Amino acid sequence: MKDDVTIVTGASRGIGRAIAIRLAKNGGNLVLIGRDKNKLEETVKIVSEQGVNGVYYTGDVSNKSFIENTVKDVIDKFGKVDNLINNAGVAVFKKFVDTSIDDFMLQMNVNMYAVFNFIKAVVPYMIENNRGTIINISSLAGRNPFVYGTTYSATKHALMGFTKSLMLELREFNIRVAAVCPGSVQTDMIINTPVAPKEISKALQPEDVAETVALIINLSESALVSEIEIRPTKLK
Ligand code: NAP
């Protein structure tokens, strides 16, 4: 893993930044993606201090051309992609009657179509290398319903169906596909929203999710963890 090339989307903050920092312990090259240049530069600085080569690309993952150009540039620079962590996500927690089709499409574009487009762009190179790990950060909302969650939950359920089918299809190419399904994590996504737990400090921390991602990657390559649920132990 010392020379792995790993793409992490949504690495400017929250869970994605924690994943980047955790995976920096593996060494190699980290390609960090998001829209906030300053925050991405901060993440690059942190991982570089851990001795890895960190680069960043700023752009909107709902833009297909941005994804295609980014992956092309990564291949030109590094020649391969070993790991893809589709973490970038957006949530609009509203009652259905208050939810617009634009709210729904915003979430579908980031939580589902961007994942499709990233995987579409990297998979030919993974197949050529006969090696790869793709981890989609889904959610317990991809398994369970909840009030305020009609559209977010729909995007994560779609992501689960996609991820599980893709896992069955790509394993013959020695490519591992996994879904990580966290419960409440203390990040911007849920703080001050109607779905935030009463005691937010009892929620999972981004580092907890990052550790599960590292576990999936660092297991023997012949071992494929296809799904992990992780939830806070005691939440009020
Ligand atoms: P967060 O703190 O709000 O961070 C979201 C990340 O996604 C940011 O880095 C953001 O980067 C990036 N992002 C969002 N829209 C983007 C776009 N259009 N283009 C590029 N980057 C975009 O959220 P988080 O809690 O860390 O969420 C990370 C993942 O975990 C998401 O997939 C989320 O659904 C999932 N999840 C979260 C929780 C939770 O309770 N927090 C629970 C289960 C699953 P920029 O702002 O720089 O664009």
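Every number for a ligand or one of its atoms is a count from 1 in the order of the listing. No experiment lies behind these values; they were computed from the predicted model shown.
Counting only N and O atoms by type, the side chains of Asn111 and Thr155 include a donor and acceptor under 3.5 Å apart. Asn218 and Asn26 share a donor-acceptor pair across their side chains, judged by distance under 3.5 Å alone.
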For residues 8-16, please give each side-chain donor-acceptor pair under 3.5 Å, one per line with the distance, not counting sequence neighbours.
unit_1, atom_1, unit_2, atom_2, d
Thr9, OG1, Asn87, N, 2.9
Thr9, OG1, Ala88, N, 2.8
Arg13, NH1, Asp188, OD2, 3.1

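A distance-only check finds a donor-acceptor pair linking the side chain of Arg176 to the backbone of Ile217 [under 3.5 Å].
With sequence neighbours excluded, the residues forming a ring-ring contact (aromatic ring centres under 6.0 Å, His included) with Tyr152 are Phe93, listed by chain and number.
The ring pair (Phe, Tyr, Trp, His ring centres under 6.0 Å) pairs that include a residue from residues 47-86 number zero, where partners must be two or more places apart or lie in different chains.
Among protein residues, Gly10, Ala11, Ser12, Arg13, Gly14, Ile15, Gly34, Arg35, Asp36, Gly59, Asp60, Val61, Asn87, Ala88, Gly89, Val110, Ile137, Ser138, Ser139, Tyr152, Lys156, Pro182, Gly183, Ser184, Val185, Thr187, Asp188, Met189, Ile190 come within 4.0 Å of ligand 1, judged on heavy atoms.
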